[in-house]
K.L.:
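If you scroll down you'll find the structure; I have some questions about it.
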Amino acid sequence: MMSGTMYKTFDVAVIGAGSIGSSVAYFNAKKGAQVVLIDAGDIAQSTSSRSDGNVLVCDKQPGFDAIFAKASQDMFPELSRELDYDLEWKQKGSLFLTETEEEFEIASKFCQDMKECGISMRMMDQKEIQDDEPLLAKDIYGGLETISDGSVYPIGLAYGLALGAEKKGAILSLHNRVTDIEKQEDAFRIETENGTILARNVVDACGVWAPAIGAMVGLPIPIRPRQGQILVSEQTFQVARRKVHEFGYMLTKFQSGSYRRPVSERVEKHGVAFVFEPTASHNFLIGSSRAFAGEDISSEIEVMKAMAERAIRFFPVIADIKVIRSYSGLRPYTPDHMPIVSGTPVEGFYIAAGHEGDGIGLAPITGKVMADMIAGEAPFMDLSPLRYDRFFSKEER
């Protein structure tokens, strides 16, 4: 750990030690860069510690979004072997549930579009989903399976990457809030509570707080906090063997399409869609909600009731299982639901933020492409959909 003023000039200073920032630090250190990872708190203290650890392609849009997510997902097996930390990586696939024939038809078209992107999916009829998950409500119409989906321990992922970066020579500067950044001729002067840090390149990986860091160098960053709540069950029997959620989750995530789910007013009001995630501790997580509530991370009882209502609709047995706690976190939302992984008009200043609910799953690929970008190497695919300047007109750039 670093304290006091540092006169050494780092190649890369990464601000934010969540899953994204830790990954950026790791992959830059892996290339041999001299890296410092800075955070106002500890590793994974904020959003990464309040997520459910999903590594999904099933909830991405066909095209670039899905292909980018799949590239990241494909990195997890090797990463779990490479890092000296148990990530609890499991790849059991996931199951989207469709309540109605109309939803099934929408999901079928989505499945075909994803297959054309190289994503392995298949539609399942009512008998197949009942055989797959016997405790499902008997009237669920059908489902969509994504073969490659998996999960990790989200805090473990951030710790594994951050400590992995440290082993490769990176400096961890934790509990050290950044107070100002000044672009000098050949480096950035980063003022922190514990002293001055100099770096040739800076990566803003602060998630929902990325705009505050961007403002220090005069950059507006269009990221807003989007709150999500999660329920945690007691330890219990196996309700479902893997990730299960409703196809309506896609509608609440992207707020697109004319289809309206057959849900209660309470569920609709709070943007709740059923998400079920079993854990290695023999309990499960229930989500999810979406709301713009500033930086409020308190749990609301009406949202909790809506999530419980939706969970019982799909798995009636959940009505007899206790919920022991609830927590909420903040997703870094951008207007087009895609992250910003990009250079900026301020030379040497980069942004790796705005992943909304996909920060865990997209952490490996984000770290890799950011390291490639800083090293001046060509990315593995066209990353223009993630450019910072996509949000601004030519006159504003």
Side-chain angles (χ1 to χ4, degrees), residues 2 6 8-39 64 67-76 78-79 82-83 157-158 160-173 178 181 183-190 197-206 210 213-214 217 219 221 338-355 359 361-390:
M2 187 190 77
M6 294 291 289
K8 166 186 177 180
T9 301
F10 291 91
D11 295 317
V12 184
V14 184
I15 306 175
S19 59
I20 296 296
S22 296
S23 181
V24 172
Y26 176 75
F27 281 97
N28 273 280
K30 192 174 178 181
K31 280 186 178 291
Q34 294 184 316
V35 178
V36 57
L37 177 61
I38 312 167
D39 197 284
F64 176 89
I67 294 168
F68 190 68
K70 185 61 167 64
S72 193
Q73 191 178 71
D74 289 345
M75 294 174 68
F76 274 91
E78 182 178 351
L79 200 60
E82 189 175 294
L83 297 176
L157 175 65
L161 288 163
L163 297 179
E166 187 177 41
K167 286 183 178 179
K168 294 184 181 299
I171 300 296
L172 305 188
S173 183
V178 172
I181 302 174
K183 176 68 191 293
Q184 300 183 329
E185 189 171 324
D186 58 352
F188 290 87
R189 184 181 181 90
I190 305 166
I197 297 172
L198 303 177
R200 295 180 185 86
N201 300 282
V202 173
V203 181
D204 180 355
C206 286
I213 299 298
V217 294
L219 289 174
I221 300 178
M338 296 285 283
I340 304 169
V341 182
S342 172
T344 70
V346 178
E347 186 178 355
F349 189 91
Y350 298 82
I351 301 170
H355 294 72
L362 295 181
I365 196 66
T366 299
K368 182 181 185 306
V369 300
M370 185 55 68
D372 291 344
M373 205 177 295
I374 292 171
E377 299 172 7
F380 77 103
M381 65 183 295
D382 176 17
L383 300 180
S384 57
L386 308 182
R387 285 177 58 91
Y388 166 78
D389 63 13
R390 72 186 189 268

K.L.:
Please list, chain by chain and in numerical order, all residues satisfying side-chain contact (heavy atoms from CB on, under 4.5 Å) with Ala25, sequence neighbours excluded.
P.N.:
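Checked Ala25 against side-chain contact (heavy atoms from CB on, under 4.5 Å); matches are Val14, Val35, Leu37, Ala165.
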K.L.:
Sort out for me which residue in Leu161, Leu157, Asp39 forms a side-chain contact (heavy atoms from CB on, under 4.5 Å) with Ser22.
P.N.:
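Going through Leu161, Leu157, Asp39 one by one, the side-chain contact (heavy atoms from CB on, under 4.5 Å) with Ser22 is satisfied by Leu161 alone.
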K.L.:
Please report the closest heavy-atom contact between Ser23 and Gly367, naming both atoms and the distance.
P.N.:
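For Ser23 versus Gly367, the nearest heavy atoms are OG-CA, 3.4 Å.
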K.L.:
Does any pair with a residue in residues 11-33 pass ring-ring contact (aromatic ring centres under 6.0 Å, His included), and if so which ones, sequence neighbours excluded?
P.N.:
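Listed once each, the pairs would be none.
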K.L.:
Could you give me the CA-CA distance, side-chain angles and deciding distance for Val12 and Arg200, then say whether side chain to side chain contact (heavy atoms under 4.5 Å, CB included) is met?
P.N.:
CA-CA 6 Å; Val12 184; Arg200 295 180 185 86; over 6 Å; no
K.L.:
Measuring only between side-chain heavy atoms, which start at C-beta, is Ser173 closer than 4.5 Å to Val36?
P.N.:
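Yes, close enough: below the 4.5 Å cut-off.
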K.L.:
At what distance, to the nearest 0.5 angstrom, does CD of Gln34 lie from CG of Asn28?
P.N.:
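With rounding to 0.5 Å, CD (Gln34) is 12.0 Å from CG (Asn28).
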K.L.:
Could you go step by step and tell me if Ile15 and Val203 meet the side chain to side chain contact (heavy atoms under 4.5 Å, CB included) rule?
P.N.:
CA-CA 6 Å; Ile15 306 175; Val203 181; over 6 Å; no
K.L.:
Where do Ala187 and Thr9 come nearest, in terms of heavy atoms and distance?
P.N.:
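Heavy atoms only, the tightest pair is CB-CG2, 4.2 Å.
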K.L.:
Where do Asn201 and Tyr350 land on the side chain to side chain contact (heavy atoms under 4.5 Å, CB included) test, with the steps shown first?
P.N.:
CA-CA 8 Å; Asn201 300 282; Tyr350 298 82; 3.7 Å; yes
K.L.:
Please tabulate, for side-chain N and O atoms in residues 369-376, each donor-acceptor pair with protein atoms closer than 3.5 Å (sequence neighbours left out).
P.N.:
from   : atom 1 : to     : atom 2 : distance (Å)
Asp372 : OD1    : Lys31  : NZ     : 3.1
Asp372 : OD2    : Lys368 : NZ     : 3.1

K.L.:
Suppose we screen for side chain to side chain donor-acceptor pair (under 3.5 Å). Which residues come up paired with Ser72, at least two apart in sequence or across chains?
P.N.:
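So Ser72 forms no side chain to side chain donor-acceptor pair (under 3.5 Å) with any residue.
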K.L.:
Applying side-chain contact (heavy atoms from CB on, under 4.5 Å), can you list everything that pairs with Glu78, at least two apart in sequence or on another chain?
P.N.:
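Glu78 satisfies side-chain contact (heavy atoms from CB on, under 4.5 Å) with Arg81, Glu82 only.
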K.L.:
Can you tell me how far CD1 of Ile365 sits from CE of Met75, rounded to the nearest 0.5 angstrom?
P.N.:
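Separation between the atoms: 5.0 Å.
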K.L.:
Quick one: closest heavy-atom pair of Leu362 and Thr366, and the distance?
P.N.:
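Reported closest heavy-atom pair: O-OG1, 2.8 Å.
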K.L.:
Who passes side chain to side chain donor-acceptor pair (under 3.5 Å) against Asp382, sequence neighbours left out?
P.N.:
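Side chain to side chain donor-acceptor pair (under 3.5 Å) list for Asp382, sorted by chain: Ser384.
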K.L.:
List in chain and number order the residues that pass salt bridge (Lys or Arg N to Asp or Glu O under 4.0 Å) with Lys168, two or more places apart in sequence or in another chain; answer none if no residue qualifies.
P.N.:
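Partners of Lys168 by the salt bridge (Lys or Arg N to Asp or Glu O under 4.0 Å) criterion come out as none, since no residue qualifies.
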K.L.:
Is a side-chain donor or acceptor of Arg387 paired with a backbone partner of Leu383 at a separation under 3.5 angstrom?
P.N.:
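No, Arg387 side chain to Leu383 backbone: no donor-acceptor pair under 3.5 Å.
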K.L.:
Holding to side chain to side chain donor-acceptor pair (under 3.5 Å), I want the full list of residues that pass it with Gln73, two or more places apart in sequence or in another chain.
P.N.:
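Applying side chain to side chain donor-acceptor pair (under 3.5 Å) to Gln73 gives Ser148, Asp149.
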K.L.:
Between Gly359 and Ile20, what is the shortest heavy-atom contact and its length?
P.N.:
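Between these two residues, the closest heavy atoms are O-CD1, 3.4 Å.
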K.L.:
If you apply the rule side chain to side chain contact (heavy atoms under 4.5 Å, CB included), what do you find for Ile38 with Ile197, and how did you get there?
P.N.:
CA-CA 10 Å; Ile38 312 167; Ile197 297 172; 3.7 Å; yes
K.L.:
Looking only at heavy atoms, what is the nearest atom pair of Asp204 and Ala210, with distance?
P.N.:
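Taking Asp204 first and Ala210 second, the nearest heavy atoms are OD2-O, 2.7 Å.
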K.L.:
Of all residues at least two apart in sequence or in a different chain, which pass the ring pair (Phe, Tyr, Trp, His ring centres under 6.0 Å) check with Phe64?
P.N.:
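Ring pair (Phe, Tyr, Trp, His ring centres under 6.0 Å) check on Phe64 returns Phe68.
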K.L.:
By side-chain contact (heavy atoms from CB on, under 4.5 Å), which residues pair with Ile67, not counting sequence neighbours?
P.N.:
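Partners of Ile67 under the side-chain contact (heavy atoms from CB on, under 4.5 Å) test: Cys117, Met381.
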K.L.:
What closest approach, in Å, do Gly18 and Ala158 show between heavy atoms, and which atom pair accounts for it?
P.N.:
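That closest heavy-atom pairing would be C-CB, 4.0 Å.
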K.L.:
Heavy-atom distance under 4.5 Å between the side chains of Lys70 and Asp74, does that happen here?
P.N.:
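Sidechains of Asp74 and Lys70: in contact.
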K.L.:
Would you please name every residue forming a side-chain contact (heavy atoms from CB on, under 4.5 Å) with Thr344, sequence neighbours left out?
P.N.:
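side-chain contact (heavy atoms from CB on, under 4.5 Å) check on Thr344 returns Leu219, Val346, Phe349, Ile351, Tyr388.
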